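Heads up, the thing below is written out as structure tokens.
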Amino acid sequence: MDQGSIDRILKQVSGGEDEIQQLQKALLDYLDENTETDASLVFSRKFYIAQWFRDTTMETEKAIKSQKDEDSSEGTHHAKDVETTGQIMHRAESRKKFLRSIIKTAPSQFSTLKMNSDTVDYEDACLIVRYLASMRPFAQSFDIYLTQ
């Protein structure tokens, strides 16, 4: 991965969101901007929104399950684990809120909300997709599967 390019894209995309959310917004801006030239990008945009929403929901469920498992196995409650779970829940809720706002916004209205339409080009969009894909659980555990 070209971390320098990712950092450049993050600097160009304004917003107080976390890194993942900024990259998602940049990719959705690019897809929305180019839907007139390629109709399949409409499907891609909807697919990514749905996948990211599902990933956020799964991350939240795993955090809750791991907290319940730790509580039942140890019988004690660790403040650090609760804080970590709380942070995961807060981050997940902010991502869900972001995705819901995009879902509620019609594509034509989304174009007017863009800060800078020239932020991401095709190569940057491909890099963002690869970067976001590398954050998925399967991609992170792929080396383990190959080793086994």
Side-chain angles (χ1 to χ4, degrees), residues 1-70 79-148:
M1 284 293 159
D2 186 5
Q3 189 62 38
S5 295
I6 295 291
D7 293 338
R8 177 184 50 80
I9 293 168
L10 288 171
K11 287 178 185 175
Q12 291 175 348
V13 177
S14 62
E17 303 96 10
D18 64 1
E19 178 180 295
I20 301 297
Q21 199 168 339
Q22 288 177 338
L23 291 173
Q24 289 173 345
K25 184 176 181 341
L27 182 60
L28 292 174
D29 284 346
Y30 171 79
L31 292 173
D32 186 54
E33 183 178 306
N34 293 295
T35 55
E36 294 171 0
T37 58
D38 188 0
S40 66
L41 294 180
V42 174
F43 173 76
S44 298
R45 186 174 181 274
K46 290 178 181 180
F47 173 79
Y48 279 126
I49 292 171
Q51 187 65 44
W52 294 332
F53 195 87
R54 181 186 171 278
D55 289 347
T56 303
T57 303
M58 296 298 287
E59 179 182 336
T60 306
E61 289 174 359
K62 285 181 182 178
I64 292 170
K65 183 180 178 189
S66 67
Q67 182 184 9
K68 287 180 182 179
D69 290 345
E70 289 174 6
K80 184 178 180 182
D81 294 337
V82 172
E83 181 181 352
T84 304
T85 304
Q87 290 172 348
I88 291 171
M89 297 292 285
H90 179 69
R91 185 175 62 236
E93 286 304 314
S94 68
R95 286 183 183 171
K96 283 182 179 182
K97 184 178 178 182
F98 164 72
L99 292 172
R100 280 188 201 112
S101 69
I102 289 175
I103 291 169
K104 291 179 183 176
T105 307
S108 60
Q109 294 172 341
F110 194 69
S111 299
T112 61
L113 297 175
K114 288 187 269 192
M115 303 276 179
N116 184 4
S117 61
D118 298 330
T119 302
V120 178
D121 58 3
Y122 178 77
E123 289 80 21
D124 289 343
C126 290
L127 179 65
I128 291 171
V129 169
R130 286 193 311 268
Y131 181 80
L132 292 174
S134 71
M135 305 298 264
R136 296 188 48 82
F138 180 74
Q140 292 176 347
S141 61
F142 194 69
D143 290 336
I144 296 170
Y145 292 129
L146 285 177
T147 310
Q148 291 178 355

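Note that the structure is a prediction, hence the values are computed from the model and not measured.
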Begin with the C-alpha distance, continue with both residues' side-chain angles, and end with the deciding distance and a verdict on side chain to side chain contact (heavy atoms under 4.5 Å, CB included) for Val120 and Asp29. CA-CA 8 Å; Val120 178; Asp29 284 346; over 6 Å; no
Going through the distances and angles, do Ile102 and Tyr48 end up as a side chain to side chain contact (heavy atoms under 4.5 Å, CB included)? CA-CA 11 Å; Ile102 289 175; Tyr48 279 126; over 6 Å; no
Go through the steps for Asp7 and Lys11 under the test salt bridge (Lys or Arg N to Asp or Glu O under 4.0 Å), then give the verdict. CA-CA 6 Å; Asp7 293 338; Lys11 287 178 185 175; over 6 Å; no
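Across all their heavy atoms, Leu127 and Ser5 have their closest contact at CD2-CB, 3.3 Å. Of all heavy-atom pairs spanning Thr56 and Ala92, the tightest one is CG2-O, 3.3 Å. Minimum heavy-atom separation, Ser44 to Leu31: C-CD1, 4.2 Å. Residues Ala26 and Ile128 approach most closely at CB-CD1, 4.0 Å, considering heavy atoms.
Not counting sequence neighbours, Arg100 has no partner by the salt bridge (Lys or Arg N to Asp or Glu O under 4.0 Å) test. With sequence neighbours excluded, no residue forms a side-chain hydrogen bond (donor to acceptor under 3.5 Å, both in side chains) with Glu93. A search for ring pair (Phe, Tyr, Trp, His ring centres under 6.0 Å) contacts involving Phe53 returns nothing, not counting sequence neighbours.
Residues Asp18 and Gln22 bring no donor and acceptor atom of their side chains to less than 3.5 Å of each other.
One distance of note links CE of Met58 with NZ of Lys65; it measures 9.5 Å at 0.5 Å rounding. A distance of 12.0 Å separates CD in Gln3 from CZ in Arg8, rounded to the nearest 0.5 Å. Between Leu99 atom CG and Thr57 atom OG1 the span is 9.0 Å, to the nearest 0.5 Å. Rounding to the nearest 0.5 Å gives a distance of 5.0 Å between CG of Leu28 and CD1 of Ile49. Between the CE atom of Met89 and the OG atom of Ser94 there is a distance of 12.0 Å, given to the nearest 0.5 Å. Between the CZ atom in Arg45 and the CD1 atom in Ile103 there is a gap of 9.5 Å [rounded to 0.5 Å].
The backbone N or O of Tyr30 sits less than 3.5 Å from a side-chain atom of Asn34, completing a donor-acceptor pair.
Using a 4.5 Å heavy-atom threshold, the side chains of Trp52 and Ile20 count as separate.
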